[in-house]
Participant: 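Would you mind keeping the following structure in view while I ask a few things?
Small disclaimer: the values here were computed from a predicted structure and weren't measured. Below, chain A is the first sequence line, B the second, and so on; all start at residue 1.
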Protein chains: 2
Amino acid sequence: MDMLTLLRQRGHRITRPRLAVLQALAEGPAHISAAEVLSEGRRTHPGLSKASVYRTLQLLETLGALRGIPSPEGRSFVRVAPGHHHLLCQGCGEVRDFSGCGLCDSWREVADEERFFVAGHLLEVFGLCSGCRSKREGETS
Amino acid sequence: MDMLTLLRQRGHRITRPRLAVLQALAEGPAHISAAEVLSEGRRTHPGLSKASVYRTLQLLETLGALRGIPSPEGRSFVRVAPGHHHLLCQGCGEVRDFSGCGLCDSWREVADEERFFVAGHLLEVFGLCSGCRSKREGETS
DNA sequence: TCGCTTGTTGATACTCGGTCTCAATAATAT
DNA sequence: ATATTATTGAGACCGAGTATCAACAAGCGA
Ligand SMILES: [Zn+2]
Ligand SMILES: [Zn+2]
Ligand SMILES: [Zn+2]
Ligand SMILES: [Zn+2]
């Protein structure tokens, strides 16, 4: 669902800072940090404050529209899409879509076997894309 | 391999602070934070410094003996065991061993399909254990 | 359209996990 | 035992994220 509509439906006010954050999320990269949202959001609302960015991101996360992914380089946010993960290249930073992780298909089995109610899972795959891989073949590691 | 042996084999010195960290890791919980390692390690080496704890944890991570898992509650460290993940209960904090994630078995397939060299993957499953699940059945959420 | 109500904002102080610096220390090799 | 140098500990420092609070403005009803 549209984040804007989601906010409205849940009774949250549509404000200039929130619109700036939404636009930054819409136009920014798939993985975006709070700092990037701030600087990007200031292009459409120069007075945008750090606090508002964090508050809005947190709100969107509790509404289920966004998910914060903790990573070695700091937290980044991605639009939530169940069964949708990412391949993160450690060489060039490319983010490639990736779906069909085995766990997505076997949630119920895992839940039953372990008597565990699975609310969700966080999966990030690290490695090297083909380009970066070939670049490193000549290196003396 | 034994962490102590690993350190020695790679030419790192065996020092009192490092032994304190190793012991804290051995005796502490499966998921342990840097702060916990510090306070626990000070039981065997009172003068243990914050910096040494972080340095040692970082060293062990680069040696592949340890893995830092970023989580909403801050980073925690676990002993590395390939194909070994955890079910994290959001109710009571219980950590249950979990193995056989579909991805572990299909690394090569994914790598080939996507022409992506997979160096590793981060998987954390969140939910509720059976105890916490039944506790919440009577709640008016 | 015009005020009210109150959710929201922005500036700033603050917290705290983690890193940096550097002189002092101690683990290893000879 | 001595020299070499990796490592340490104390504290300054950094930066992401949070708490505070008076000022503001989105929405709503008159
Ligand atoms: Zn790449
Ligand atoms: Zn999945
Ligand atoms: Zn539980
Ligand atoms: Zn796995």
Side-chain angles (χ1 to χ4, degrees), chain A residues 3-25 28 31-63 66-78, chain B residues 3-25 28 31-63 66-78:
Chain A
M3 290 198 203
L4 185 56
T5 309
L6 182 64
L7 283 175
R8 237 192 294 264
Q9 284 192 354
R10 299 295 186 87
H12 298 282
R13 295 184 181 173
I14 307 305
T15 66
R16 186 183 279 272
R18 285 180 177 161
L19 286 173
V21 168
L22 290 194
Q23 186 165 350
L25 288 173
H31 280 60
I32 189 168
S33 68
E36 286 170 326
V37 170
L38 177 58
S39 62
E40 186 69 11
R42 277 184 170 159
R43 283 186 37 232
T44 60
H45 175 38
L48 184 61
S49 75
K50 184 173 62 161
S52 287
V53 168
Y54 281 102
R55 282 185 294 231
T56 303
L57 291 175
Q58 196 171 339
L59 175 59
L60 290 172
E61 191 170 17
T62 66
L63 292 180
L66 216 57
R67 177 161 299 171
I69 294 182
S71 74
E73 301 78 35
R75 198 177 346 172
S76 64
F77 293 83
V78 296
Chain B
M3 290 198 202
L4 185 55
T5 309
L6 182 63
L7 283 175
R8 238 191 293 262
Q9 285 192 353
R10 298 296 186 85
H12 299 282
R13 295 182 181 174
I14 306 306
T15 66
R16 184 184 280 272
R18 285 180 177 162
L19 287 173
V21 168
L22 291 194
Q23 186 166 350
L25 288 173
H31 280 61
I32 190 168
S33 68
E36 287 169 326
V37 170
L38 177 58
S39 61
E40 186 69 11
R42 277 183 171 160
R43 283 186 36 233
T44 60
H45 174 39
L48 183 60
S49 75
K50 185 172 60 162
S52 287
V53 168
Y54 281 101
R55 283 186 291 231
T56 303
L57 290 175
Q58 194 171 338
L59 175 59
L60 290 172
E61 191 170 16
T62 65
L63 292 181
L66 215 57
R67 175 162 300 172
I69 294 182
S71 75
E73 301 78 35
R75 197 175 350 171
S76 64
F77 293 84
V78 295

Participant: Check the distance between dT8(C)'s C1' and Tyr54(A)'s OH and give it to me in whole angstrom.
Facilitator: 19 Å
Participant: How do Ala34(B) and Arg18(A) order along DNA chain C: which one's closest nucleotide is nearer the 5' end?
Facilitator: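 Upstream on the strand: Arg18(A).
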Participant: When the distance from CG of Leu60(A) to P of dT8(C) is rounded to whole Å, what number comes out?
Facilitator: 12 Å
Participant: In this structure, how many angstroms lie between the C1' atom of dT8(D) and the CD1 atom of Ile14(B), rounded?
Facilitator: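 Distance, rounded to whole Å: 15 Å.
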Participant: If you look at every strand shown and take non-hydrogen atoms under 4.0 Å, does Arg55(A) touch a base, only sugar-phosphate, or nothing?
Facilitator: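 Here Arg55(A) touches the bases of the nucleic acid.
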Participant: Restricting to non-hydrogen atoms, name the atom on Ala34(A) and the atom on Tyr54(A) that form the minimum distance, rounded to 0.1 Å.
Facilitator: CB-CE2, 3.5 Å
Participant: Picking from dG10(C), dA26(D), dT19(C), which would you name as closest to the side chain of Arg13(A)?
Facilitator: dA26(D)
Participant: I need the Arg13(B) CZ to Arg18(B) CZ distance, nearest 0.5 Å.
Facilitator: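 The CZ atom of Arg18(B) is 9.0 Å from CZ of Arg13(B), to the nearest 0.5 Å.
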Participant: Figure out the CZ/P separation between Arg10(A) and dG27(D), and round it to whole Å.
Facilitator: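 These atoms are roughly 17 Å apart.
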Participant: Please state how far atom CG in Leu22(A) lies from atom P in dT8(C), giving the value in whole angstrom units.
Facilitator: 13 Å
Participant: Between His45(A) and Ala35(B), who's closer to the 5' end of DNA chain C by nearest nucleotide?
Facilitator: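 It is His45(A) whose nearest nucleotide is closer to the 5' end.
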Participant: Let me know the distance between CG of Leu38(B) and C1' of dA10(D), rounded to the nearest Å.
Facilitator: 13 Å
Participant: Measure CZ/Arg8(A) against C1'/dC28(D) and give the value in whole Å, please.
Facilitator: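 Between C1' of dC28(D) and CZ of Arg8(A): 15 Å.
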Participant: Are Val37(A) and Thr56(A) close enough, and set up right, to give a side-chain contact (heavy atoms from CB on, under 4.5 Å), and what steps lead you there?
Facilitator: CA-CA 10 Å; Val37(A) 170; Thr56(A) 303; over 6 Å; no
Participant: Would the base of dG9(D) count as contacting Lys50(B) through its side chain, where contact means a donor and an acceptor less than 3.5 Å apart?
Facilitator: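 Flag unset: no donor-acceptor pair detected.
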Participant: Using whole Å, report how far CZ of Arg16(B) lies from C1' of dA6(D).
Facilitator: 17 Å
Participant: Ignoring hydrogens and angles, state whether a donor on the side chain of Arg8(A) or Thr5(A) is under 3.5 Å from an acceptor on the partner side chain.
Facilitator: no
Participant: Which nucleotide in the list dT8(C), dT8(D), dG17(C) gets nearest to the side chain of Thr15(B)?
Facilitator: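 When the side chain of Thr15(B) is considered, dT8(D) is the closest of dT8(C), dT8(D), dG17(C).
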Participant: Which distance, rounded to the nearest 0.5 Å, do you find between the CG of Leu59(A) and the NE2 of His12(A)?
Facilitator: 4.5 Å
Participant: Report yes if at least one side-chain N or O of Ser52(A) is closer than 4.0 Å to OP1 or OP2 of dG10(C); otherwise report no.
Facilitator: yes
Participant: Among dG17(D), dG9(D), dT8(C), which nucleotide sits nearest the side chain of Leu48(B)?
Facilitator: dG9(D)
Participant: Would you say dA6(D) has OP1 or OP2 under 4.0 Å from some side-chain N or O of His12(B)?
Facilitator: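 Result: no.
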